[in-house]
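First the structure, in the form of structure tokens, and then the observations on it.
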Amino acid sequence: MTQTDVELRRGSAPDGIRVRLYGEMVRMRVFEQRVQTLFLQNELNGPAHLSTGQEAIAAAFGLALAPGDLSLSTYRSHAQILARGVPMGPVFAELMGRDGLLGGKGGSMHLTSTEHGHLGAYAIVGAHLPIAVGTAWASQVRGVPAVTTCFFGDGATNIGAFHEAVNLAAVWRAPVVFVCENNLYMEYTRTEAVTAVTHPAADRAAAYGLEGRLVDGNDPDAMLSAAFGAVADARRGDGPVVLEAMTYRHSGHAQADPAKYRPEGELESYLAADPIAVYRARLLEDGVASDLLDDLDAAAAAEADAGVRWAADRPLPAGSALETNVWADGGSAWRS
Ligand SMILES: Cc1ncc(C[n+]2csc(CCOP(=O)(O)OP(=O)(O)O)c2C)c(N)n1
Ligand SMILES: [Mg+2]
């Protein structure tokens, strides 16, 4: 364990890393605000699921993961892909169905950049958990010190794949961090209405001989400690980590959802405790210069503006693109 890890575990991260965390959260928020604007301008191709309010989780792991580490996530993954260092322009272009990160063929729900270690966003709930165990196991077998981080929602914990994946990871002591983003809802259903335990990931970890970890995912400092701690433990070879981060999505499930099923006042109470606003105030209180934070706000806005401009100039995919990426060698010819 490095000195930094020890400091983070005590909840006293150096201000440099806390300021970077703030900057990353702002980048994610601004990106998704632009996505919402593009949707209203009818520029989006396909649905997009926003994670406004949940940014601290992806941002903290983005800082905790090293180059060469792997990550997998769900259809709600704009923040996760930015956290791995993928530039905004190709992601905007992908969402617009233009020649972007995946040539316009994947869209918001399948964001992937193997070059940055992000092995995909998955639209089938729970499908990527066993895959994450496989990539972690591959690192273990090859003797590569890479950690796999697997993000999923509370809903995925009621799917068999969650249990199969955590069990096998525990048996193999695979270097994987399972991160449950518990935002209280699975699509339009409140989690507690269909879930037998209070903390669907952390409470169930014990069934596989693991100690479930619970963190306030709306507290960026707590997330920083939890993320660095989990990644360090998995890398050391202590086996898998199950971390449940309590959070809240400010938006509906996707654009078409006005989220009328939420009790009156709930959204307002979470907006009043917006993690980005709360963190900004905390950093200022701790003596961080406001100019520094203003500069990060401005840099994020400029990056998003440039990214949207770049994306809008990208061509639409050619019709012939339909026949590419069908097989591993790129062709689509029938073979028996
Ligand atoms: C196997 C499967 N069942 C159902 C769906 C439909 N569906 C899409 S998102 C979703 C809710 C998932 O909730 P959660 O895991 O909490 O993630 P969140 O959307 O809150 O991030 C459901 C049921 C699906 N995509 N895959
Ligand atoms: Mg959920």
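Owing to the predicted nature of the structure, the values given are computational and were not obtained by experimental measurement. Both ligands and their constituent atoms are indexed starting at 1 by order of listing.
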Pair [X] + [Y], salt bridge at N-O below 4.0 Å:
{"X": "R213", "Y": "D233", "answer": "yes"}
{"X": "D274", "Y": "R29", "answer": "yes"}
{"X": "D69", "Y": "R84", "answer": "no"}

Residue, atom name and distance, where the atom is the protein heavy atom closest to [atom]:
{"atom": "atom 18 (P) of ligand 1", "value": "Y75 OH, 3.4 Å"}
{"atom": "atom 21 (O) of ligand 1", "value": "R76 NE, 2.8 Å"}
{"atom": "atom 22 (C) of ligand 1", "value": "E187 OE1, 3.2 Å"}
{"atom": "atom 24 (C) of ligand 1", "value": "V125 CG2, 3.6 Å"}

Going through the checks in order, is the salt bridge (Lys or Arg N to Asp or Glu O under 4.0 Å) test met by R314 and E94? CA-CA 10 Å; R314 299 296 293 165; E94 189 59 35; over 6 Å; no
Checking the N or O distance criterion of under 3.5 Å, is ligand 1 in contact with [X]?
{"X": "G155", "value": "yes"}
{"X": "M186", "value": "no"}
{"X": "T74", "value": "no"}
{"X": "R249", "value": "no"}

Atoms in ligand 1 with a heavy atom of Y185 nearer than 4.0 Å: 16 (O), 20 (O)
Numbering as shown, the atoms of ligand 1 that approach H253 to under 4.0 Å (heavy-atom distance): 9 (S), 19 (O)
Applying side chain to side chain donor-acceptor pair (under 3.5 Å) to H253 and R76, what does each step give before you reach the verdict? CA-CA 9 Å; H253 176 69; R76 197 181 300 287; 3.1 Å; yes
The ring pair (Phe, Tyr, Trp, His ring centres under 6.0 Å) partner of H128 among Y122, F162, Y75 is Y122
Has Q255 got a side-chain atom pairing as donor or acceptor with A48's backbone, closer than 3.5 angstrom? yes
According to the interplanar angle, ranging from 0 to 90°, do the rings of F92 and F31 count as parallel (below 30°), tilted (30 to 60°) or perpendicular (above 60°)? parallel
Parallel, tilted or perpendicular: ring planes of Y22 versus Y279, cut at 30 and 60 degrees: tilted
What part of A123, side chain, backbone, both or neither, has a heavy atom within less than 4.0 angstrom of ligand 1? backbone
Closest D154 atom to the Mg ion (ligand 2) [N, O or S only]: OD1
Protein non-hydrogen atoms only, distance under 4.0 Å: does atom 3 (N) of ligand 1 have such a neighbour? no
Three-point angle N183:OD1, the Mg ion (ligand 2), Y185:O, rounded to the nearest 10°: 80°
